[in-house]
Amino acid sequence: MAVQLYNTLTRRKEPLETLEPGRVKMYVCGVTVYDLCHLGHARAAIVFDVIRRYLGRRGYEVTFVCNFTDVDDKIIARARRLKIPIGELTEQFIGEYYKDMDALGVRRADIAPRATAHIGEMIEMIEDLIEKGAAYPGGGDVYFDISRFPAYGKLSHRNLEELEAGFRVEPGEGKRNPLDFALWKASKPDEPFWESPWGPGRPGWHIECSVMSSRYLGDRFDIHGGGEDLVFPHHENEIAQSEGCFGHDWVRYWIHNGFVRINHEKMSKSKGNFFTIKSVLADTPAEVVRFFLLGTHYRHPVDYSDQVVGEAWRGLDRLYNLLLRLGPSGAGAGGEQARRMKEEADAFRARFAEAMDDDFNTARALGHLFDFARQANSLLLEAGGALPREAAAPAVEVFREVGGVLGLFGHEPEEWFRQARPGAPEEGENGQLGDTQVEELISKRTDARKRKDFKEADRIREELAEAGILLEDGPSGTIWKRRL
RNA sequence: GGCGCCAUAGCCAAGCGGUAAGGCAGAGGACUGCAAAUCCUCCACCCCCGGUUCAAAUCCGGGUGGCGCCUCCA
């Protein structure tokens, strides 16, 4: 059974049939680097990161291209305000982008091209479009001629009449038709520019993706992705340019992710209702963010709130707790449990694949993961709380596998539970204890428990509790977690 | 105004014609020196009204309520 994926172009799920067997070429629109990234960028990055990882796991050789838009109005405006060259500004925010995405566990693209490094090719493509009669210069600008591309609107499923009806006419532009869009913009005084056959200027936004994708993936490729706000006009325009230039169908599958919302509204710069990735990661582990985001299907909106993230965190804890329990090797004869653990792990592996094959349904996949966790916990219980290493191995292994796809379970479970929780005493504050202090107290308590001095044992438990440390006595000793 | 998406338990969420996954929270029970963790049990007639069908949360029509795109936006 092939991977099924929802194609914005056809509004249907379709089986993935790649141009070349066993290979997937995908291009995802990256960010405009003039400011810090927010959670909306994080979702897009994580969604396509997971898609890419899954296809890789599924046996495809994936080539993943994700660009940086490093010249545009906002970049120019901001650089001017800061009185620095745009290159300095974009360099800085590309750096911040990588810090954020690395922190979120987003694997880097195979190729991350920058618009300004492909200006010459953009000019060539624009010239080509002019030659083909699909574009025309006007007053130092160059526009794409919508009337020459009858299929315009096929991605966003609109027709020209509808579009014209709602279009806001912008004055002072040399367009023949209000829907025509700029391929090249003449530069104003004091703006950065590149020389071109039409005079000094800079590329329009859309042309860069057509140029860079074809440069690295060829003039046809399999998957093009981005946030759903890019469907119109950005991706529609890309199609017009590319198909107008190449003279054939361009991209096979269009994938768009839904928005992150705050109080039911789209998170966006202009609304000002955004959280930067940095601010979120200041008090939430990256894996919690991933887990939270992957708990909703990628095409649906997700509402972000402290409450919901807290719930996700506790859910992830449950999974990590299983990993914790699978760690220490128990003595017991785990033959029967070992056999069943293997069965459960295999069954889960199959269900996970089934869910992911169905339009990358991570939410359903996580549901199966919790089912599996319950089964594994039951087996652990039957075995007296711990299993021999060989018996636990299939479970640990399948966790590794799905973790590798989802970008989860990258921590040692002990370490996971020892990270600071929000509201816990701050480092250096009264009551905050270091790991070694905690462990000393635990060993004192263990001695006390051996003497059946439960009063002293409970006193130590209480002391640690006040410092935000939770103790759990298990078959293989006492473990501790940092808790509120 | 045009086009489109969504509406499932206290909260989040899957579901794509065959009689409601999963998580969080809550209740009861088991286990435990205590506790936590874990396990078991319980907790939804799927926004409303019509229609199609042997059968609808799922399809069609009409409401109501959210949201998005049409302008830079992941």
Side-chain angles (χ1 to χ4, degrees), chain A residues 11 13 28-32 34 37-48 69 72-74 153 156-159 161-168 170 179 205 225-234 236 256-261 264-271 274 291-292 295-297 299-303 305 307-319 321-322 324-325 351 355 358-359 361-371 373-382 385 449 452-455 457-458 461-462 465 470-474 478-481 483:
Chain A
R11 288 178 173 166
K13 280 186 209 169
V28 172
C29 289
V31 295
T32 301
Y34 71 102
C37 289
H38 61 235
L39 259 191
H41 300 109
R43 163 122 105 147
I46 288 167
V47 161
F48 289 103
T69 298
D72 110 307
D73 289 343
K74 280 172 295 192
S156 52
H157 302 280
R158 294 170 220 213
N159 57 48
E161 296 81 74
E162 285 166 14
L163 286 165
E164 278 160 6
F167 204 84
R168 208 167 59 190
E170 295 164 34
L179 289 172
W205 174 33
E228 66 176 336
D229 46 2
L230 299 184
V231 173
F232 190 90
H234 185 52
E236 198 69 72
H256 294 96
N257 67 275
F259 299 133
V260 175
R261 302 158 147 193
H264 303 288
E265 284 197 328
K266 178 187 176 184
M267 175 181 289
S268 71
K269 278 272 161 60
S270 49
K271 282 182 179 155
F274 61 89
F291 178 83
F292 161 68
T296 300
H297 185 89
R299 281 190 278 119
H300 294 174
V302 270
D303 261 279
S305 68
Q307 189 203 344
V308 157
V309 170
E311 289 176 4
W313 195 332
R314 288 187 288 275
L316 224 209
D317 275 353
R318 182 172 158 76
L319 265 10
N321 206 66
L322 170 59
L324 192 61
R325 282 157 55 92
R351 288 191 198 102
D358 185 8
D359 197 29
N361 197 329
T362 53
R364 197 156 82 213
L366 288 173
H368 294 316
L369 180 53
F370 279 103
D371 282 333
R374 182 162 19 79
Q375 298 300 337
N377 274 318
S378 285
L379 292 172
L380 241 8
L381 189 68
E382 280 179 34
R449 291 179 71 214
K452 301 267 192 237
D453 184 356
F454 294 122
K455 205 175 163 198
D458 287 348
R461 177 192 285 289
E462 188 51 34
L470 177 76
L471 300 186
E472 295 183 9
D473 299 325
T478 299
I479 58 160
W480 62 275
K481 301 175 177 178
R483 266 281 158 80

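Lettering follows sequence order; numbering is per chain, from 1.
- Under the ring-ring contact (aromatic ring centres under 6.0 Å, His included) criterion, A/Phe48 pairs with no residue at all, not counting sequence neighbours.
- Not a single ring-ring contact (aromatic ring centres under 6.0 Å, His included) links A/Phe291 to another residue, sequence neighbours left out.
- Of the P atoms belonging to B/A56 and B/C24, the separation is 33 Å, rounded to the nearest Å.
- Relative to the six-membered ring of A/Phe274, A/Lys266 misses at least one condition, a distance below 6.0 Å or an angle of at most 45° to the axis.
- In this structure, A/Phe454 reaches the bases: a heavy-atom distance under 4.0 Å links it to at least one base atom across the strands shown.
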- [ ] Heavy atoms under 4.0 Å is the rule here; annotate nucleotides 13-19 of chain B 5' to 3' with B where the base is hit, S where only the sugar-phosphate is, and - elsewhere.
- [x] SSSB---
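- Distance from the side chain of A/Asp458 is smallest to B/C34 among B/C34, B/C11, B/G22.
- Between the side chains of A/Asp473 and A/Thr478, at least one donor N or O lies within less than 3.5 Å of an accepting N or O.
- A search for ring-ring contact (aromatic ring centres under 6.0 Å, His included) contacts involving A/His157 returns nothing, not counting sequence neighbours.
- Side-chain atoms of A/Arg314 lie closest to B/C24 of the nucleotides B/C34, B/A74, B/C24.
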Enumerate all atom pairs, one protein N or O and one N or O from nucleotides 37-40 of chain B, separated by less than 3.5 Å.
unit_1, atom_1, unit_2, atom_2, d
B/A37, O4', A/Glu472, OE2, 3.4
B/A37, O3', A/Asn321, ND2, 3.2
B/A37, O2', A/Asn321, ND2, 2.2
B/U38, O3', A/Asn377, ND2, 3.2
B/C39, OP1, A/Asn377, ND2, 3.3
B/C39, OP2, A/Arg318, NH1, 3.3
B/C39, O3', A/Ser378, OG, 3.3

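- Within 4.0 Å of A/Gly367, counting heavy atoms only, lies at least one base atom of the nucleic acid.
- Between A/Lys266 and the phosphate of B/C72, there is no side-chain N or O to OP1/OP2 separation shorter than 4.0 Å.
- Spacing between atom CG of A/Leu380 and atom C1' of B/A30 amounts to 17 Å, rounded to whole angstrom units.
- Cation-pi check for A/Arg43 over A/Phe259 is not met; the charged atom does not lie both under 6.0 angstrom from the ring centroid and within 45 degrees of its normal.
- Among the nucleotides B/G4, B/A74, B/C34, the one closest to the side chain of A/Cys29 is B/A74.
- Looking at the side chain of A/Arg449, the nearest of the listed nucleotides B/C69, B/G33, B/G66 is B/G33.
- Between A/Arg261 and A/Asp303 there is a salt bridge, with a side-chain nitrogen of the basic residue lying less than 4.0 Å from a carboxylate oxygen of the acidic one.
- Of the candidate nucleotides B/G22, B/C70, B/C72, B/C70 has the atom nearest to the side chain of A/Arg158.
- Here A/Pro233 pairs with A/His206, A/Asn237 under the side chain to side chain contact (heavy atoms under 4.5 Å, CB included) rule; sequence neighbours left out.
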